[in-house]
Amino acid sequence: MKSGVMFGILLTILNNRKVKSEYLAEKFEVSTRTVARHIDSLCEGGVPIISVRGINGGYMIADDFRLERSFFTKDELHRLLTCLNATATSFDGQNHDIIEKLKHMGSVKENEKYLLKTDTLIIDVGTWTNPQSYRGKIETINKAIDGDLTINMEYTDNKDLYSIRDFDPYCLVLKEGVWYVYGFCHLRNDFRLFRLARIKNMTITENKFERKESDVYEKLNGVFDDTDLVELEFEFFSTALSEVEEWLGHEAISERGHTYIAKASLYGGNLLINKLLSFGSSIKILKPQALKEELLVECRRVLKRYDY
């Protein structure tokens, strides 16, 4: 009953813009002191209620305030909207504003829908240079995950082999700064990880799938996207220290004279080559020899492009 009165007070303030404590006390048959306690509880819960003093004062809430979606479960919100719609003509249209506010509880601000958030972690799924490149893919994948719907996609693997696949998405994975989607591949009849950068023309089908038992952590610890691990070691100058620390972590770095040494086990391929090239002349590959030669070949290709 206490929570019911508290929520009723909240809806009344939302619906009437500004409400006096005497009006709330009379409406919910409680004392003004009880109203004040409920207001304090709502404020502690994060609702920005303002107390305006004076003859025309009362309690009010900022116009841009939205109830958090976690306040109700999806089923609870649906039932409440059904009840309000059923009685919409019984209260001189007052239900209409409440219905609209409750509908907005399920909406997400444009900037927020691309963030994966907890109380201690925020990940923006967009990139610095082209924030829309991954956002559309991740939004589509999330819809498919929520609805247990199969995705049809065009995919190019690390050997540049093109294929069209049906795929049941289970979760998104961020590893070493690269986004993947994990799930069941119909073509391979197995659980796989696919790089989002290699997915094109992805569409959600109407085919619902049933989740099978799987272990994404086992996949992450095994062969990752058909790419071999590389035991990387390189030397670099202090000018690149902050970037290398951000990439590999402080633990992977040690000092050696006037330079630094970085050691890490990473997945090879074009992404690693491109990452190393981004440091320019600030780094020098020490190991493995094969990666050093691969990097030299790519540098020669760049020089040839400029007729050197």
Side-chain angles (χ1 to χ4, degrees), residues 111-112 114-138 156-158 160 171-182 193-199 216-217 219-221 223-306 308:
N111 291 335
E112 289 182 352
Y114 302 115
L115 299 179
L116 306 180
K117 300 194 297 182
T118 70
D119 290 338
T120 57
L121 175 67
I122 297 177
I123 300 174
D124 185 347
V125 301
T127 56
W128 289 110
T129 54
N130 185 10
Q132 299 298 332
S133 60
Y134 281 55
R135 287 176 173 176
K137 292 179 182 179
I138 288 182
T156 304
D157 64 18
N158 63 317
D160 290 328
C171 64
L172 288 161
V173 174
L174 178 63
K175 187 176 178 69
E176 294 185 358
V178 181
W179 281 102
Y180 297 80
V181 58
Y182 171 78
L193 284 153
F194 292 105
R195 291 187 185 182
L196 264 61
R198 293 176 177 163
I199 299 176
V216 65
Y217 301 106
K219 191 70 176 178
L220 289 171
N221 291 331
V223 179
F224 196 74
D225 198 46
D226 299 328
T227 305
D228 295 330
L229 275 173
V230 173
E231 297 300 326
L232 176 65
E233 181 177 343
F234 62 89
E235 181 184 63
F236 64 96
F237 297 123
S238 59
T239 52
L241 179 59
S242 60
E243 291 182 70
V244 176
E245 281 184 335
E246 184 178 354
W247 178 32
L248 301 178
H250 179 73
E251 318 77 47
I253 300 170
S254 60
E255 291 189 52
R256 182 182 294 178
H258 299 292
T259 60
Y260 295 86
I261 300 295
K263 296 180 181 180
S265 297
L266 302 172
Y267 289 98
N270 291 333
L271 281 175
L272 179 57
I273 293 295
N274 293 338
K275 181 65 178 180
L276 294 171
L277 285 172
S278 71
F279 290 102
S281 60
S282 296
I283 71 170
K284 177 183 177 182
I285 305 300
L286 302 177
K287 297 178 183 178
Q289 182 64 27
L291 180 62
K292 185 193 300 187
E293 293 173 357
E294 194 174 350
L295 201 62
L296 284 171
V297 169
E298 189 62 28
C299 288
R300 292 190 186 104
R301 285 174 182 163
V302 173
L303 289 171
K304 189 174 181 181
R305 291 282 291 174
Y306 290 93
Y308 278 96

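As the structure is a computational prediction, the values presented were derived from the model and not from experiment.
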Correct closest heavy-atom pair for Pro288 and Leu232 would be CD-CA, 4.3 Å

To the nearest 0.5 Å, tell me how far Leu172 CG sits from Tyr182 OH.
13.5 Å

Hey, are the side chains of Val302 and Leu277 touching, using non-hydrogen atoms and a 4.5 Å cut-off?
no

Side chain to side chain donor-acceptor pair (under 3.5 Å) involving Thr259 - partner list, sequence neighbours excluded:
Glu235

Measure the CD-CD distance between Glu293 and Glu298 for me, rounded to the nearest 0.5 Å.
14.5 Å

Quick one: list whatever passes side-chain contact (heavy atoms from CB on, under 4.5 Å) with Lys275, sequence neighbours left out.
Trp247, Ser278, Phe279

How many angstroms lie between CG in Leu248 and NZ in Lys263, if you round to the nearest 0.5 Å?
13.0 Å

Does the side-chain contact (heavy atoms from CB on, under 4.5 Å) test come out yes or no for Ile138 and Leu196, once each step is laid out?
CA-CA 8 Å; Ile138 288 182; Leu196 264 61; 3.4 Å; yes

Between Leu276 and Ile283, is there a side-chain heavy-atom distance shorter than 4.5 Å?
yes

Looking at Phe237, I'd like to know if its CZ atom is crowded, meaning that more than 12 non-hydrogen atoms belonging to other residues, nucleotides or ligands lie closer than 6.0 Å.
no

ring-ring contact (aromatic ring centres under 6.0 Å, His included) against Phe236, all qualifying residues, sequence neighbours excluded:
Phe234, Tyr260

Where do Ile285 and Leu296 land on the side-chain contact (heavy atoms from CB on, under 4.5 Å) test, with the steps shown first?
CA-CA 10 Å; Ile285 305 300; Leu296 284 171; over 6 Å; no

